[in-house]
Amino acid sequence: RVCAAVAFCLMVAGGCADAGGGITPEEADACGASGMQRYVGGPETVLHRMKFAQPVMVLRPGDSAPADVQPIRMLVYVDATGIITQVVCG
């Protein structure tokens, strides 16, 4: 769990450098997360009305980020009240 958290922090804060399995700058928006930033701060329920061409994983408090990095997978972080707090690729 700690390794996944560290890897996620490095991916987001470290400029998305490829450290053997990380996301490269070219892959940083492969999932289309940039287009989803307008939903940050809004309710998770908005996702239920959307159709996605790529895999989407919703992560709630206590969930671990996936150990495998898939640039086309969208990770949507939601807080305990159901509000979207972050959208990234991975």
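- Residues V78 and P61 approach most closely at O-CD, 3.1 Å, considering heavy atoms.
- Distance check: R73 CZ to D68 CG gives 4.5 Å after rounding to the nearest 0.5 Å.
- Here the CZ atom belonging to R38 is positioned 11.0 Å from the CD1 atom belonging to I84, to the nearest 0.5 angstrom.
- Remark: of the listed residues D29, V87, V88, D29 is the sole one forming a side chain to side chain contact (heavy atoms under 4.5 Å, CB included) with S34.
- Judged by distance alone, the side chains of T85 and D79 never bring a donor and an acceptor atom under 3.5 Å apart.
- There is a path of hydrophobic side-chain contacts, each under 4.5 Å, that joins V58 to Y39.
- Criterion: ILVMFWY side-chain heavy atoms under 4.5 Å apart, direct or through other members. Under it, M57 and Y77 are part of a common hydrophobic cluster.
- Summarising the geometry of A30 relative to C89, their closest heavy-atom pair is N-SG, 3.8 Å, with the distance given to 0.1 Å.
- Closest approach of G90 to P66, counting heavy atoms only: O-CG, 4.3 Å.
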Considering only distance and modelled atom types, tabulate donor-acceptor pairs under 3.5 Å from the side chains of residues 40-54, sequence neighbours left out.
{"residue": "E44", "atom": "OE1", "partner": "R60", "partner atom": "NH2", "Å": "3.3"}
{"residue": "E44", "atom": "OE2", "partner": "R60", "partner atom": "NH2", "Å": "2.3"}
{"residue": "Q54", "atom": "NE2", "partner": "C31", "partner atom": "O", "Å": "3.1"}

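- Connection of M74 to L59 is not established within any shared hydrophobic cluster, with ILVMFWY side chains joined at heavy-atom distances below 4.5 Å, either directly or through further cluster members.
- No side-chain heavy atom of M36 sits under 4.5 Å from any side-chain heavy atom of V76.
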